[in-house]
2 protein chains.
Amino acid sequence: MKKSKRAKLTAAGWAVGSVQDFLGLSAADAALIELKLSLSRSLRDRRQRRGLSQVELAKRLRSSQSRVAKMEAGDPSVSMDLLVSSLLVLGASADELAKAIRSGVGRHAAA
Amino acid sequence: MKKSKRAKLTAAGWAVGSVQDFLGLSAADAALIELKLSLSRSLRDRRQRRGLSQVELAKRLRSSQSRVAKMEAGDPSVSMDLLVSSLLVLGASADELAKAIRSGVGRHAAA
DNA sequence: TGACACTATGTCATATGTGACATATAGTAA
DNA sequence: TTACTATATGTCACATATGACATAGTGTCA
């Protein structure tokens, strides 16, 4: 569960999807990161489609602009719970969530 | 984001799906809870299908038996990150994750 | 009965996430 | 230039999640 590895990755500007197990990153770890990045992108898409600023979305989420920015940036400090609940607040459907999931989880070997 | 509400719900033995907004629970909050419960069930299914005990799974996750039990029980103290990463470690595919997502997120009005 | 394997539940120290704030950067319009 | 809006990033106090441990319950096999 080394979350610090993810910090290293994104801090270094890596396209995480392309380096499945650069460093000690397991396939499952990499898949989780890709999944969250995919949710991040979905969030930004949805927000922009609705013509909302980060400040406005933050208000709806009872959060802050800086946290919304971090969500959209795929910051390691953002949980999947927060990403998903934000998408739900923006009215994301099951289909849309599932779609983001599918595009975020790469193929990986069974453990 | 009142997580305490969820504790009340499950503590009271409610089938969360049937009470979309019992108390002050918003549709998005309820959807998130249902989603996590769905992931919990998927986790137990997968583990049992593999013939693993909670202790054995805990070892693979570098976690503990008690936390695995809580994951499967839908305990409010368990994050979606942990649920999903556990499913990934058990080799869950994108399809399977998406399926769990779909069955966990009820229809709800756009916000 | 006892002994064993499995699961559930409560607690706690520590790790991680969160909202809020300050501040920086980028773009636009006057 | 200034002023304004939107977004990014660092920090921090506080909240929540985590693994570990103890312990209780449940079933099975002698």
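Chain letters run A, B, ... following the sequence lines, proteins first, then strands; residues in each count from 1.
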**Student:** Starting from C1' on C:dT16, measure out to CG on A:L83 and report it in whole angstrom.
**Tutor:** 15 Å
**Student:** Is a donor from one side chain sitting under 3.5 angstrom from an acceptor on the other, for A:S77 and A:D75?
**Tutor:** yes
**Student:** Testing the 3.5 Å rule here: is there a donor-acceptor pair between the side chains of A:D29 and A:S26?
**Tutor:** yes
**Student:** Between the side chain of A:S38 and the main-chain N/O of A:A100, is any donor-acceptor distance below 3.5 Å?
**Tutor:** yes
**Student:** Only counting residues at least two apart or in another chain, list the ones meeting side-chain hydrogen bond (donor to acceptor under 3.5 Å, both in side chains) with A:E56.
**Tutor:** A:S53
**Student:** Go through the structure and list residues passing side-chain hydrogen bond (donor to acceptor under 3.5 Å, both in side chains) with B:S79, not counting sequence neighbours.
**Tutor:** none
**Student:** Considering the terminal five base pairs at each end of the helix from C:dT1-D:dA30 to C:dA30-D:dT1, what angle separates the two local helix axes, rounded to 10°?
**Tutor:** 30°
**Student:** Give the rounded distance in Å between these two atoms: CG of B:L52 and C1' of C:dC6.
**Tutor:** 13 Å
**Student:** Report yes if the side chains of A:L90 and A:R49 come closer than 4.5 Å at any heavy-atom pair, otherwise no.
**Tutor:** no
**Student:** Which whole-number value in Å describes the distance from B:M80 CE to C:dG17 P?
**Tutor:** 15 Å
**Student:** For the pair made of CG in A:D75 and C1' in C:dT18, what is the distance, rounded to whole Å?
**Tutor:** 11 Å
**Student:** Mind calculating the distance between CD (A:E72) and C1' (D:dA8) to the nearest angstrom?
**Tutor:** 11 Å
**Student:** Please examine the side chains of B:V78 and B:K36, heavy atoms only from C-beta on, and report whether any two atoms are closer than 4.5 Å.
**Tutor:** no
**Student:** According to side-chain hydrogen bond (donor to acceptor under 3.5 Å, both in side chains), who are the partners of A:S63, at least two apart in sequence or on a separate chain?
**Tutor:** none
**Student:** Which is more 5' along DNA chain C, the nucleotide nearest B:E56 or the one nearest B:A69? Just name the residue.
**Tutor:** B:E56
**Student:** Taking only the side-chain heavy atoms of A:S53 (C-beta and beyond), determine which of D:dT7, C:dG19, C:dC6 contains the nearest atom.
**Tutor:** D:dT7
**Student:** Compare the minimum distances between each of C:dT18, C:dT7, D:dA8 and the side chain of A:S79, then state the nucleotide with the smallest one.
**Tutor:** C:dT18
**Student:** Rounded off to whole Å, could you give me the CG-to-C1' distance for the A:L61 and C:dG17 pair?
**Tutor:** 15 Å
**Student:** For a quick test of reading the model: is some side-chain N or O of A:R44 closer than 4.0 Å to OP1 or OP2 of D:dA6?
**Tutor:** no
**Student:** A:E72: which residues meet the salt bridge (Lys or Arg N to Asp or Glu O under 4.0 Å) condition with it, sequence neighbours left out?
**Tutor:** A:R44, A:R47
**Student:** Between atom CG in A:L57 and atom C1' in C:dG19, what is the gap in whole Å?
**Tutor:** 14 Å
**Student:** Atom CG of A:L82 and atom P of D:dT16: how far apart are they, to the nearest Å?
**Tutor:** 13 Å
**Student:** Restricting to nitrogen or oxygen on both sides, can you table the protein-nucleotides 20-25 of chain D pairs closer than 3.5 Å?
**Tutor:**
residue: D:dA20; atom: OP2; partner: B:S63; partner atom: O; Å: 3.1
residue: D:dA20; atom: N7; partner: B:S64; partner atom: OG; Å: 3.2
residue: D:dA20; atom: N7; partner: B:S66; partner atom: OG; Å: 3.4
residue: D:dC21; atom: N4; partner: B:S66; partner atom: OG; Å: 2.6

